Amino acid sequence: MYHNDLIIYNSINKKKEIFHPIHKKYVGIYVCGPTVYNHIHLGNCRTFVFFDVVYRYLKHLGYQVRYVRNITDVGHLENDRQSYQDDKIIKRSRIEGLEPMEIVQKYTISFHNFLRKLNLLPPNIEPTATGHIIEQIDIIQQLICKKIAYISNGSIYFSLKNYTKLYTYGILSKNKIQNLFNKKTHFSNEKYSYQDFCLWKRSIHNHIMNWNSPWGIGFPGWHIECSTMSTKYLGKIFDIHGGGLDLKFPHHECEIAQSVAFYNDENCFARYWMHTNMLTFNGQKMSKSVGNTITLKDLVEKKNISPNVIKFFILQTHYRNVLNFSEKNLLNAKNGLNRIIESIQKLQSFDEKNMLENNNNFNVFIWIKKCYYAINDDFNIPLLIYYLFQATRVIDSLSIENMNKYYFNFFKSYIIYFVFHILGIQNETKNNSDKKLQILIEKIQHIRQYFRMQKNWIISDKIREELGSIGILLKDKKLF
RNA sequence: GGCACCGUGGCCGAAUGGUUAGGCAAAGGUCUGCAAAACCUUUUAUAGCGGUUCGAUUCCGCUCAGUGCCUCCA
């Protein structure tokens with residue numbers, strides 16, 4: 001009724017395109033999840049928060065969505081400038097003195113815990129790399145048969161030279177093979193050429209992150225897991241592939257190459273590519289390797305910042321723009337969000353009997369339509385937020401009194417829908433369901449009102465001050 | 001060196017070939033016992049230079065500044 005076509009910026013051709021799913025009514029979406037070797041930081045969150053909105057909105061449009069987000073629990077090699085590349089999880093396990101799978105368990109739980117706090121919906125399938133070793137070996141074996149991959153010293157590498165004899169490389173990143181060489185980076189001398197990437201790594205350590213393969217004991221490379229699991233659960237061709245912009249190259253480019261070679265079809269794999277831009281801190285990308293990360297754990301547990309505020313802060317910037325973190329911006333978001341939430345509460349508690357049944361010049365249906373236009377235009381959430389602020393002005397100026405009931409109910413249900421269901425903001429006051437506490441506060445207010453009637457400003461101001469110190473703000477009305 | 005992106009007030013941020021949304025902050029006012037909240041009012045911006053155009057912040061080119069990726073990263 002209200003929505004026009006959904007338009008998505010497809011980063012493979014850098015154009016905004018009308019979204020047409022492959023199968024009517026069904027959407028398959030794959031998003032690259034975290035490597036679970038540490039607590040997730042704010043930059044990681046941005047991607048997951050954004051795709052949660054995408055997931056929620058696609059469902060809202062009536063699609064049956066299969067949202068797959070993987071957990072990388074093996075194979076993410078760390079280039080430590082030595083001849084041997086180590087797995088991130090194995091490296092971490094040495095630092096913490098735990099088995100690799102204990103590291104995986106610890107940080108997977110932490111990941112889920114914080115995503116739940118941010119009120120993100122769980123994906124439909126959350127596959128792990130270690131759970132798909134057999135499938136990965138199978139694909140690697142076929143790539144070897146096709147002479148796209150080669151064995152070297154017990155490890156397997158993807159040959160870009162052979163790949164480019166049959167297919168075009170670099171369609172996503174626009175990189176040309178001859179330009180890829182970077183003097184700064186050392187590369188394993190197992191590889192025939194610098195641009196080749198690892199599919200299977202022979203193990204030289206004796207630990208439990210090893211598996212038997214036709215080529216001996218080892219573990220899979222990083223890129224192969226995503227090709228394997230995305231097509232396993234979504235099919236050879238699927239609708240949307242998402243992830244952070246930093247994964248565009250090499251990770252996503254490698255995923256495409258592996259899949260194209262495996263299926264022998266250049267039109268296979270994802271139809272729409274969506275990349276979320278980076279979150280910066282003091283103008284520099286927040287990343288674990290730079291060491292300028294702020295974790296959700298710090299913000300929520302140490303600085304007592306509501307996950308809602310963090311989420312709203314993230315969503316205030318369009319997903320394709322760089323988002324710079326600062327405490328001031330976070331405070332900015334906090335005040336803005338408060339305003340929206342308070343307006344909605346005012347709307348929810350508004351008694352319809354007070355309505356004047358007059359027409360006013362705020363057209364609810366045009367407002368709803370504009371909100372849909374904003375989301376449909378490549379998920380322009382900042383513009384949606386602007387319309388939400390417009391709505392708060394209507395509510396706060398008591399223009400709602402002049403709305404008719406029919407308009408009012410539409411307005412109420414849609415603003416609630418946009419804020420709580422599409423953006424997934426949590427209605428925190430509802431969670432504070434301690435009834436005794438509520439009654440206690442009411443009693444104290446009642447006592448204070450008594451002192452106010454007595455014009456005992458010293459005591460009544462003291463009560464206000466004390467309640468204010470624990471975040472309970474009193475809004476007095478006219479006394480007489 | 002290669003590929004890509006970006007530059008909008010004090011801060012954050014949309015939009016647009018033709019009066020530049022909004023939020024936060026600031027100032028003044030209304031309201032209030034005083035505050036707070038809310039409401040009303042106000043100030044400040046399209047990096048620079050050139051081109052296309054009747055008209056450019058928007059399109060094109062150059063310069064300057066910044067960011068990301070180049071086989072570690074959401």
Side-chain angles (χ1 to χ4, degrees), chain A residues 11 14 31-35 40-51 76-81 85-86 88 91 170 173-176 178-185 187-188 191 194-198 221-223 242-251 253-254 275-280 283-290 293 313 316-318 320-324 326 328-340 342-343 346 374 380-390 392-393 395-398 452 455 457 460-461 464-465 468 473-480:
Chain A
S11 45
K14 296 195 267 178
V31 173
C32 289
T35 303
I40 57 162
H41 61 72
L42 218 54
N44 304 123
C45 286
R46 186 180 188 192
T47 298
F48 306 129
V49 164
F50 172 68
F51 282 105
H76 207 151
L77 297 173
E78 185 157 284
N79 195 346
D80 57 4
R81 297 189 173 226
Q85 292 179 306
D86 226 345
K88 278 175 182 291
K91 192 174 175 189
S173 66
K174 320 297 174 206
N175 281 328
K176 288 180 177 155
Q178 60 270 27
N179 292 334
L180 289 178
F181 191 79
N182 183 342
K183 286 179 204 163
K184 288 182 203 161
T185 318
F187 71 95
S188 161
K191 290 199 232 178
Y194 172 79
Q195 296 90 345
D196 295 348
F197 57 90
C198 183
W222 175 35
H223 314 301
L245 192 62
D246 52 354
L247 298 185
K248 195 172 180 182
F249 186 87
H251 185 56
E253 196 74 79
C254 294
H275 289 102
T276 48
N277 211 322
M278 295 297 99
L279 183 136
T280 59
Q284 197 185 14
K285 178 185 168 187
M286 184 178 286
S287 78
K288 290 169 189 168
S289 52
V290 176
T293 58
F313 161 73
Q316 267 185 316
T317 302
H318 190 264
R320 286 193 283 118
N321 289 346
V322 172
L323 165 61
N324 191 41
S326 74
K328 192 184 171 188
N329 297 347
L330 209 55
L331 186 73
N332 200 332
K334 185 186 171 186
N335 293 339
L337 178 64
N338 268 350
R339 194 157 169 206
I340 290 172
E342 278 178 20
S343 292
K346 206 182 271 186
N380 195 337
I381 304 303
L383 189 58
L384 174 71
I385 290 173
Y386 159 62
Y387 292 128
L388 294 177
F389 280 120
Q390 197 177 60
T392 65
R393 283 198 302 278
I395 296 163
D396 290 340
S397 63
L398 289 175
R452 285 184 72 216
K455 298 195 176 183
W457 311 126
S460 68
D461 285 357
R464 182 168 66 193
E465 188 195 319
L473 301 175
L474 301 183
K475 290 164 191 172
D476 290 336
K477 286 180 182 167
K478 200 172 177 179
L479 195 52
F480 299 106

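Throughout, a chain's letter reflects where its sequence line sits, starting with A, and its residues are numbered from 1. The structure displayed is predicted, hence computed values, not measured ones.
Within 4.0 Å of Leu331(A), counting heavy atoms only, lies no atom of the nucleic acid at all. Note on Phe389(A): only backbone sugar-phosphate atoms sit closer than 4.0 angstrom, heavy atoms only; bases stay farther off. If you check every strand for non-hydrogen atoms under 4.0 Å, Gly33(A) touches sugar and phosphate atoms only. At a threshold of 4.0 angstrom between heavy atoms, the contacts of Ser287(A) include nucleobase atoms, whether or not backbone atoms are also involved. Lys176(A) comes within contact range of no nucleotide atom at all, as no heavy-atom separation falls under 4.0 Å. Among the protein residues, Leu279(A) comes within range of the nucleic acid bases, having at least one heavy atom under 4.0 Å from a base atom. Contact annotation for Thr35(A): backbone-only contact, meaning every heavy-atom pair under 4.0 Å involves sugar-phosphate atoms and none involves a base. Using a 4.0 Å heavy-atom cutoff across all strands shown, Lys285(A) reaches at least one base atom of the nucleic acid. Nucleic acid contact for His251(A): none, since no nucleic acid atom lies under 4.0 Å from a heavy atom of the residue. Among the heavy atoms of the strands lying under 4.0 Å from Asp246(A) is at least one base atom, whether or not backbone atoms are also near.
Within 6.0 Å of NZ on Lys174(A) lie more than 12 heavy atoms contributed by other residues, nucleotides or ligands.
Side-chain atoms of Pro250(A) lie closest to rC70(B) of the nucleotides rC39(B), rC70(B), rG33(B). Considering only side-chain atoms of Cys32(A), the nucleotide from rA74(B), rG22(B), rC11(B) that sits closest is rA74(B). Closest contact between the side chain of Lys14(A) and the listed nucleotides rA4(B), rC34(B), rG68(B) involves rA4(B). Distances were taken from every side-chain heavy atom of Asn44(A) (C-beta onward) to each of rA74(B), rC34(B), rC24(B); the shortest belongs to rA74(B).
Counting heavy atoms from C-beta on, the side chains of Val290(A) and Gln284(A) come closer than 4.5 Å.
Judged by distance alone with a 3.5 Å cut-off, a donor-acceptor contact links the side chain of Arg464(A) to the base of rC34(B). Looking at Asp461(A), its side chain comes within 3.5 Å of the base of rG33(B) through a donor and an acceptor atom. For Ser289(A) against rC72(B), a side-chain N or O and a base N or O form a donor-acceptor pair under 3.5 Å.
To the nearest angstrom, P of rC69(B) lies 10 Å from CG of Leu247(A).
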